[in-house]
There are 2 protein chains.
Amino acid sequence: MASNPSYKERKVITIGVVSELTGLTERQIRYYEERKLIFPERSAKGNRKYSFMDVEQLIEIANKREEGVQTYEIRQEMLKDKRKDEKKHRRELLRGEINARFGIQKE
Amino acid sequence: MASNPSYKERKVITIGVVSELTGLTERQIRYYEERKLIFPERSAKGNRKYSFMDVEQLIEIANKREEGVQTYEIRQEMLKDKRKDEKKHRRELLRGEINARFGIQKE
DNA sequence: CGTGTAAGGAATTCTGACACG
DNA sequence: CGTGTAAGGAATTCTGACACG
């Protein structure tokens, strides 16, 4: 049911504000991007822009870093979660297609 | 049911991004603030920060301005709507209190 | 009234690099 | 590896003002 707005995903927050929101330094935020943990968009002039989801992701990263988890390991976990989500998504797509062709089934 | 996050209301967007999002110039956005149509927060260093709600409000303002409505009139409409919302809110608060004391009533 | 613009300054952001450990 | 910092430049934002209509 998510539609166009989707405030949580829109990339509109500058790095300075993200820094305030997360407590991380700009250096750290840029480094986590370098390590492919976070993927900001860029404005026309090249400034990074983040979403609220990115901010939450960064807070999780900060927590794991405090526990001593390295960026590489965090990345592996993220990739694993992503594969799991995609699998779930494929199952849902398939179910939707079946329902569309053969009608809604109970269970 | 709205809780702490409330992405729509958090003031995190800088004026440059708001300008991109609304198509308004920074001059216009600042002027509408001067006319009390919009109320950004300020960062520690004094930079304006807007919410997604502010962005939507600005788009509405832009539409009305295109129709030739003056900022003063837009403000009057806003104040009228606000009073209406507050009235509604008071009614809901009262109902909640009644329910809390005398139990949930049907209708 | 609503908006453009030039002005000057302060703060922001960017990149690439050196440092430490 | 993860983060701090100084460096230099480019872009951002701010305010107060003059302009036009």
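From a predicted model like this one, the values you see are computed outputs, not experimental measurements. Throughout, a chain's letter reflects where its sequence line sits, starting with A, and its residues are numbered from 1. Quick note: numbers below take in every heavy atom, side chains included, and nothing from hydrogens, waters or symmetry partners.
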| field | Whole-Å gap separating C1' (C/dT13) and CG (B/N47) | value | 12 Å
| Ion pair present between B/R30 and B/E34, side-chain N to carboxylate O less than 4.0 angstrom? | no
| task | Identify whether B/I59 and B/I15 are in the same connected component of the hydrophobic contact network (ILVMFWY, side-chain heavy atoms under 4.5 Å). | result | yes
| said: Taking 4.0 Å as the cut-off, does a side-chain nitrogen or oxygen of B/R30 come that near to OP1 or OP2 on D/dC14? | reply: yes
| query | With respect to the phosphate group of C/dG2, does any side-chain polar atom (N or O) of B/Y31 fall under 4.0 Å of OP1 or OP2? | reply | yes
| remark: To the nearest angstrom, the CD-P distance between B/E34 and C/dG4 comes to 14 Å
| said: Measure CD/A/E20 against P/C/dT12 and give the value in whole Å, please. | reply: 9 Å
| query | Taking atom CD of A/E86 and atom CZ of A/R91, what is their separation to the nearest 0.5 Å? | reply | 12.5 Å
| What nucleotide among C/dG2, D/dG2, D/dC18 has an atom nearest to a side-chain atom of B/R27? | D/dC18
| message | Tell me the interatomic distance from B/E41, atom CD, to D/dC14, atom P, rounded to whole angstroms. | response | 14 Å
| remark: Among the nucleotides D/dG4, C/dT3, D/dC14, whichever has the atom closest to the side chain of A/T25 is D/dG4
| query | B/I15 has a side chain; which of D/dT3, D/dT13, C/dT13 sits nearest to it? | reply | D/dT13
| request: Verify the cluster assignment for B/M53 and B/L37: are they in a single hydrophobic cluster under the rule of side-chain heavy atoms below 4.5 Å apart? | output: no
| said: Is the phosphate of D/dT13 approached by B/T14 (side-chain N or O, under 4.0 Å from OP1 or OP2)? | reply: yes
| said: Please pick, from C/dT12, D/dT15, C/dG2, the nucleotide with the shortest atom-to-atom distance to any side-chain atom of B/Q70. | reply: C/dG2
| query | Atom OH of B/Y50 to atom C1' of D/dC14: distance rounded to whole Å? | reply | 11 Å
| task | Side chain of B/E26 only, please: which of D/dT3, C/dT13, D/dT13 is the nearest? | result | D/dT13
| note | From the candidates D/dT3, D/dT12, D/dT15, the one with an atom nearest any side-chain atom of A/R65 is D/dT3
| said: A side-chain contact here means heavy atoms from C-beta on lying under 4.5 Å apart; do A/R65 and A/I61 qualify? | reply: yes
| note | In whole angstroms, the gap separating P of D/dG2 from CD of A/E66 amounts to 15 Å
| request: Go through residues 73-81 of chain B and report each residue with a non-hydrogen atom lying under 4.0 Å from DNA chain C, sorted by number. | output: none
| Co-membership, hydrophobic cluster, residues B/V69 and B/M78, 4.5 Å side-chain | yes
| said: Between B/L58 and B/Y31, is there shared hydrophobic-cluster membership here, with clusters defined by ILVMFWY side-chain heavy atoms closer than 4.5 Å? | reply: yes
| task | Go ahead and write out DNA chain D as dot-bracket, 5' to 3': ( ) for pairs within the strand, [ ] for ones crossing earlier pairs, | when the partner sits on another strand, dots for unpaired; Watson-Crick or G-U wobble, both distances under 3.5 Å. | result | .||||.||.|.|.||.||||.
| task | Return the nearest nucleotide to the side chain of B/R35; candidates are C/dG2, C/dG4, C/dT12. | result | C/dG2
| said: Can you tell me if B/K45 touches the phosphate of D/dC14, counting only side-chain N or O atoms and a distance under 4.0 Å to OP1 or OP2? | reply: no
| query | Can you check whether B/E92 reaches B/R95 side chain to side chain, under 4.5 Å on heavy atoms? | reply | no
| Looking at A/Y32, does any N or O in its side chain come under 4.0 Å of the phosphate oxygens OP1/OP2 on D/dT3? | yes
| field | OH-CD1 distance between B/Y50 and B/I29, expressed to the nearest 0.5 angstrom | value | 6.0 Å
| request: Nearest whole angstrom, please: distance from the P of C/dT3 to the CG of B/L24. | output: 8 Å
| said: If the test is side chain to side chain donor-acceptor pair (under 3.5 Å), which one of A/R48, A/K49, A/K11 qualifies with A/D54? | reply: A/K11
